[in-house]
Amino acid sequence: MNIRKLTSLGTTAVLLIVVGCGGGGNGSGKGGTTGKGGTGATGATAGNGGTTGTGGANQTSDYSFTVTPTALSLPLGGMQSLTVTIDRDLGAATFIDPITFALEVPNSITGTGVTAQFTPTTATAGSTTLVVNIGTVGIVAGRYTLEVVGTSGADVYTVDLPLTVTTAKNTLLVDNDGSSNNEDPTDTTDPQSSSDTLFASLLQGEAIGFNTFIADETMAGTAAADPSLATISSYSTIVWYTGNLYGDHQSMSPTQEAILQGWLDAGGHTLLVFSENLIYDNGVTTWIDPESDEFLADYVGAASDAEDGDLDHVSYTATGAAGTPFAGEAFHVIKDSPIGSSADVISPATGTDTLATVVENPDQQLPAATAVPAVVGRKLVGAAGTSTVVYVGIPIENVLMTTANNSPTDFFHAVLVYAGIKTQ
């Protein structure tokens, strides 16, 4: 089998004779010039896992290097710059010889799937820059392991570079949690909140390519009109999260609801709303009165609803509903860590699916606390009858995976399965 070694933005191919080269399967992969077994792609194209490689010399002890960042997550057509920092002082004397760099990719990646440029290609000092480009031909979404290889004469050093390739950017992540970076969306130095970090990592973990829209905190509230219909019209999926935002800066304004309704009416669209205070802000918030908000009634599917209730600033468990992708799962929500904890609940209208429940007595309108829906889904939504909405009324940022409970990753995956974005 062959491994392509990329030394520039071209696709120069160097054939290396190896034993047990991993294909697209999960097996351990190739032995190369370094004698170091690699890892084949997972979640990509099918292939036969190989055995551990039986390559040549061991890693050199004369120099080493690190790659920053240590892993890549890029969509089809994406690009990222990395820094290779060289340590030339491993031995008794400083290693002064030039080191030539190359990027090796699994042979399951073909064509222009991955191209690379080192600047300089041959380093005589303490660093070089690597730019990795993901093409649109010869690679599919999934996980791969690339190798950064430095060679100086007989001395070879290799560092693994995990790569996650996501799908094309047909998903929009709407950051509307009112945290520091919402104060000035143009300032990229503002720190990210725990919600910002979580939802980006969940999409990356599912190999879903996305763009992020950061709502402007100074323009939030009942008059908020972004993202506009023009902004969202080209996306098939929207993930909208609000952290513990509520009140004056409103988790979703009436104008934003109307924009989303128009988008859902167009058909074939999926809206995933993660907002523990959407009902607090917009709902009728009484368990016995009919929901009057058009978006909540006709698109989310609430017959009535209730805010916070027994679950305001406490720890509690949400339980997956039988017969859904959440079946058999339990999610333990930790009190106010890392964000404030509450739970908005919904009495589902006909055609609305209960996906997960919490135990409480909404508005004290029931004889006793019981399992009520805090996560619901509704299909065949909108004028065209072909859109899907999932509403999550618990803060999955606060979900802690323990021995008997599931993780935020499990939760998010179950949402995607229900929505038809992922399979089991």
Would you compute the distance between atom [atom1] of [X] and atom [atom2] of [Y] and round it to the nearest 0.5 angstrom?
| X | Y | atom1 | atom2 | answer |
| --- | --- | --- | --- | --- |
| L271 | T388 | CG | OG1 | 10.0 Å |
| F199 | E397 | CZ | CD | 4.5 Å |
| H332 | L400 | NE2 | CG | 7.0 Å |
| E257 | Q250 | CD | CD | 7.5 Å |
| Q261 | L229 | CD | CG | 11.5 Å |
| N406 | F326 | CG | CZ | 10.5 Å |

Quick check on side chain to side chain contact (heavy atoms under 4.5 Å, CB included): which of [options] does [X] satisfy it with?
| X | options | answer |
| --- | --- | --- |
| E360 | D308, V372, V314 | V372 |
| T242 | D281, D175, N176, N277 | N176 |
| T270 | V381, T237, V239, T171 | T237 |

Please examine the side chains of [Y] and [X], heavy atoms only from C-beta on, and report whether any two atoms are closer than 4.5 Å.
| X | Y | value |
| --- | --- | --- |
| E206 | L416 | yes |
| L74 | T166 | no |
| I238 | L260 | yes |
| V300 | V376 | yes |
| V165 | L76 | yes |
| F118 | T129 | no |
| M79 | I134 | no |
| D344 | D305 | no |

Decide side chain to side chain contact (heavy atoms under 4.5 Å, CB included) for I279 and I346; before the verdict, give the C-alpha distance in whole Å, the side-chain angles of both, and the deciding distance to 0.1 Å.
CA-CA 8 Å; I279 303 304; I346 283 178; 4.2 Å; yes

Whether the side chain of [X] engages the backbone of [Y] through a donor-acceptor N/O pair (distance < 3.5 Å, no angle test) should be reported.
| X | Y | result |
| --- | --- | --- |
| N361 | Q365 | yes |
| Q204 | L202 | no |
| W240 | L272 | no |
| S304 | W287 | yes |
| D353 | L355 | no |
| E291 | D293 | yes |
| N405 | T402 | no |
| T197 | S194 | no |
| D410 | S407 | yes |
| H269 | W263 | yes |

Pair Y316, D310 - check side chain to side chain donor-acceptor pair (under 3.5 Å), show working.
CA-CA 10 Å; Y316 61 88; D310 302 335; over 6 Å; no

Pair N398, S341 - check side chain to side chain donor-acceptor pair (under 3.5 Å), show working.
CA-CA 7 Å; N398 294 4; S341 297; 2.6 Å; yes

Do the side-chain N and O atoms of Y157 and D87 include a donor-acceptor pair separated by under 3.5 angstrom?
no

Assess, by modelled atom type and distance only, whether the side chains of T222 and S253 contain a donor and an acceptor separated by less than 3.5 Å.
no

Does atom [atom1] of [X] have more than 12 heavy-atom neighbours from other groups under 6.0 Å away?
| X | atom1 | value |
| --- | --- | --- |
| D187 | CG | yes |
| Y246 | OH | no |
| M401 | CE | yes |
| Y280 | OH | no |

Working for side chain to side chain contact (heavy atoms under 4.5 Å, CB included), residues N182 and I214
CA-CA 6 Å; N182 297 98; I214 303 174; 3.4 Å; yes

Any idea which heavy atoms bring [X] and [Y] closest together, and the distance?
| X | Y | value |
| --- | --- | --- |
| V415 | V392 | CG2-CG2, 4.5 Å |
| E183 | D216 | O-OD1, 4.1 Å |
| G267 | T386 | CA-OG1, 3.1 Å |
| P362 | A306 | CB-CB, 3.7 Å |
| S315 | K335 | OG-N, 2.8 Å |
| D177 | S193 | OD2-OG, 2.6 Å |

Taking the six-membered ring where the residue is Trp, are the ring centres of F101 and F65 under 6.0 Å apart?
yes

Side chain to side chain contact (heavy atoms under 4.5 Å, CB included) between T317 and V358, intermediate numbers included
CA-CA 6 Å; T317 297; V358 294; over 6 Å; no

Answer yes or no for K422 and F412: cation-pi contact, defined as NZ/CZ to six-membered ring centre under 6.0 Å and angle to ring axis within 45°.
no

Could you go through the side chain to side chain contact (heavy atoms under 4.5 Å, CB included) check for D226 and F213 one step at a time?
CA-CA 9 Å; D226 278 328; F213 179 90; 3.6 Å; yes

Test side chain to side chain donor-acceptor pair (under 3.5 Å) on T188 and D190 and set out the steps.
CA-CA 6 Å; T188 58; D190 281 338; over 6 Å; no

So D184 and T186, side chain to side chain donor-acceptor pair (under 3.5 Å) or not? Walk me through it.
CA-CA 5 Å; D184 182 3; T186 65; 2.6 Å; yes

